[in-house]
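Below is one structure, written out as structure tokens; the observations come after it.
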Amino acid sequence: MEKKNNYEVFFQEGKCICCCAKDGRVMSATETTLCGNAVREISPIYKKMLSTTQTNINIESAIKKLGQYDRDIHLINKDEKKSCTKEAKLNSDVLAALCEMSTIASTLECSLLIVESQKGIYNYEQREFVQCNKESYAFWSIQNREDIVWKRNISGMFSFEYVVKYREKITQEKEWLTESLHEIGEAGYRNILFMGGASCGLYHEIIGHALEAVRAVKRECIKGDYRKKLVNYPLNVYDDVLRLGYEIGFDDEGTRKKSTQLMSDGNTKTLLTDKSHCPDGMELTGNGRRNSVFFFPETRMYRLRVQAGEQIVDELVHNIDNALVVTDIYMGNVEHETGIVQLYANVEGEIIDGKLYTKKMNILIRDNIFHFYEGVYAISNTLHFKGIHCVSGSGPLYTEAETPDTLINHIYIERTWIS
């Protein structure tokens, strides 16, 4: 083993509880133990990692085994992996809330995900240990996987403080998931006002994921030119982990977290980086994240915060001639190389000559990411907050967004459904 090779050991203790209920009865409740270790080589030509659920791991033996490979490696003993998942015991409050929500949602299923874990990093060469922040979050969701709108759902952060609001939302939107839909109209360009949580989902995709180095370095439309004018509107964007309410701490690679300004007056300033994805001339931003010991770290945002410059439209609706109003984005993604953004969204209304009319539709928005940037026309001075359950190669990760209502002109709607 050459001395130039350096290794780190990633520790984690915690659990992930996933439960599902239908018609007021819990159908399944599993608890996956996140306790274990991962040994990885720091800055190798090829990523190399070994994971185990064993509480004690022979580091010297693991390093010797890693030295035998020249490619990605992900070794888990099948018996150990199976034994770390067991039946979960839900406390009475969680059980009651889940059963009540599933009764309201009937005949659909209601699910709840609860994650709690503590992470730490040990640098084997330098003999240094850092303790990462404790992560704790929960999400509820009701999803229809069988409808012609793929994975149409309603979801949100779970907290006993807002159970009444969950009931109201389920009652209000249940028909969207239970009634059969049919496709109408022709594809075309429309003005769209993203309001409330929809604006959070919008910026999560077109700025948050777009400026994660793991994606940006692969994207043909952005790579090689990371500092450029993206938006004519004077947007200022931060990945502001310091606003999470935790001490600063470290990411899942041992890099100290910090607040990172991604955009200044519409110009990109930097990318979110980790040790494996950090272009020349950029610093580590402390965004190396992974869900558990079984995954290799990758770049992911923590808390996106979007601000506009001085040209802010206050009463946004009254200044719009025509636009569809999107209030919820229930699924979205950005294609790596093409830069195509897809957003499955709920339309609640249509603005005609400055007046809002009720109009319910489901739409698939699909357009080039630069068309979204070019289309930013007006922004409100009202900020909305949303917790987002982001699923990636590292498994489910919790992110947050704080963003204003935003009007984007001439975005392509590929499909439309109506009940």
Side-chain angles (χ1 to χ4, degrees), residues 101 110-115 135-143 151-170 172-173 176-177 192-212 235-246 259 262-263 272 287 289 300-308 316 325-334 341-349 362-363 365 372 376 379-392 396-408:
M101 287 192 295
C110 181
S111 62
L112 182 62
L113 179 74
I114 304 171
V115 178
E135 292 192 352
S136 178
Y137 56 88
F139 278 85
W140 67 274
S141 65
I142 299 172
Q143 192 168 83
K151 293 184 180 179
R152 190 159 47 112
N153 64 26
I154 55 176
S155 62
M157 296 174 61
F158 179 81
S159 170
F160 293 112
E161 182 181 356
Y162 301 111
V163 169
V164 173
K165 291 185 178 180
Y166 306 153
R167 299 175 193 146
E168 294 174 351
K169 186 171 184 178
I170 293 171
Q172 178 183 356
E173 300 188 23
W176 287 64
L177 286 84
I192 300 179
L193 174 60
F194 294 87
M195 296 187 70
S199 66
C200 297
L202 168 71
Y203 287 115
H204 173 90
E205 298 294 344
I206 71 170
I207 293 181
H209 282 316
L211 298 184
E212 291 167 339
L235 288 182
N236 297 291
V237 183
Y238 303 82
D239 183 49
D240 199 354
V241 68
L242 306 186
R243 295 282 291 271
L244 281 170
Y246 305 127
S259 178
L262 297 172
M263 189 173 293
L272 297 175
N287 288 86
R289 302 181 66 190
R300 281 295 175 267
M301 72 190 93
Y302 284 99
R303 189 181 198 277
L304 200 68
R305 182 163 57 90
V306 180
Q307 298 175 330
L316 198 55
V325 178
V326 168
T327 56
D328 183 47
I329 294 173
Y330 51 88
M331 187 175 66
N333 69 281
V334 183
V341 177
Q342 287 193 141
L343 303 173
Y344 284 86
N346 293 337
V347 173
E348 288 282 358
N362 291 67
I363 59 175
I365 305 167
F372 282 86
V376 177
I379 291 177
S380 75
N381 62 1
T382 302
L383 290 177
H384 302 278
F385 168 83
K386 186 175 183 180
I388 299 173
H389 195 200
C390 179
V391 179
S392 68
L397 291 171
Y398 173 62
T399 66
E400 293 182 344
E402 185 180 28
T403 65
D405 296 328
T406 301
L407 174 65
I408 296 186

Handout entry: Euclidean distance, D240 CG relative to Y302 OH, rounded to 0.5 Å
Key = 13.0 Å
Handout entry: S380 to P404 - nearest heavy-atom pair and separation
Key = O-CB, 3.5 Å
Exercise for the section: Could you check if a side-chain atom of V334 sits within less than 4.5 angstrom of a side-chain atom of F372, using non-hydrogen atoms only? Expected result: no
Exercise for the section: Check L316 against T406 and note the closest heavy-atom contact, atom names and distance. Expected result: CD2-N, 4.5 Å
Exercise for the section: Measure from the side-chain N and O atoms of E212 to the backbone N and O of M301, and report whether any donor-acceptor pair falls under 3.5 Å. Expected result: yes
Practice task
Working to the nearest 0.5 Å, report the span between CG of L262 and OH of Y238.
Solution key: 10.0 Å
Practice task
Please round to the nearest 0.5 Å and tell me the distance separating atom CG of L235 and atom CD1 of I379.
Solution key: 4.5 Å
Handout entry: pair I192-L407: side-chain heavy atoms closer than 4.5 Å
Key = no
Practice task
Check whether any side-chain N or O of N153 sits under 3.5 Å from a backbone N or O of I142 as a donor-acceptor pair, and report yes or no.
Solution key: no
Practice task
Indicate yes or no: at least one non-hydrogen side-chain atom of E402 is less than 4.5 angstrom from one of K386.
Solution key: no
Completion exercise
Between R289 and T399, the two heavy atoms sitting closest are NH1-CG2, 3.8 Å
Problem - L304 to D239 - nearest heavy-atom pair and separation - result: N-OD1, 4.1 Å
Practice task
Compare all side-chain heavy atoms of I170 with those of M101 and state whether any distance is below 4.5 angstrom.
Solution key: yes
Exercise for the section: Kindly indicate whether the side chain of I114, heavy atoms from C-beta on, has any atom under 4.5 Å from the side chain of F158. Expected result: no
Exercise for the section: First locate atom CH2 of W140, then atom NZ of K169, and finally report the distance between them rounded to the nearest 0.5 Å. Expected result: 5.5 Å
Handout entry: Minimum-distance pair of heavy atoms, taken over all atoms of A345 and V326
Key = CB-CG1, 3.6 Å
Handout entry: Side chain to side chain, H204 and C390, heavy atoms closer than 4.5 Å
Key = yes
Practice task
List in chain and number order the residues that pass side chain to side chain contact (heavy atoms under 4.5 Å, CB included) with E168, two or more places apart in sequence or in another chain; answer none if no residue qualifies.
Solution key: V164
Exercise for the section: With rounding to the nearest 0.5 Å, note down the distance linking CG in N333 to NE2 in H209. Expected result: 9.0 Å
Exercise for the section: Find the distance between CD (E205) and CD1 (I388) and round it off to the nearest 0.5 Å. Expected result: 8.0 Å
Handout entry: Short side-chain to backbone donor-acceptor contact, D328 and A198, under 3.5 Å
Key = no
Practice task
Examine distances only and state if a side-chain atom of Y166 and a backbone atom of F160 form a donor-acceptor pair shorter than 3.5 Å.
Solution key: no
Practice task
For the residue pair I365 and V341, establish whether any side-chain heavy-atom pair is separated by less than 4.5 Å.
Solution key: no
Exercise for the section: Answer whether the closest heavy-atom distance between the side chains of Y137 and M157 falls below 4.5 Å. Expected result: no
Problem - Closest approach of T382 to H384 (non-hydrogen atoms, all atoms of both residues) - result: O-CD2, 3.7 Å
Exercise for the section: For the pair Y398 and F139, evaluate ring-ring contact (aromatic ring centres under 6.0 Å, His included) and give the outcome as yes or no after the intermediate values. Expected result: CA-CA 9 Å; Y398 173 62; F139 278 85; 5.6 Å; yes
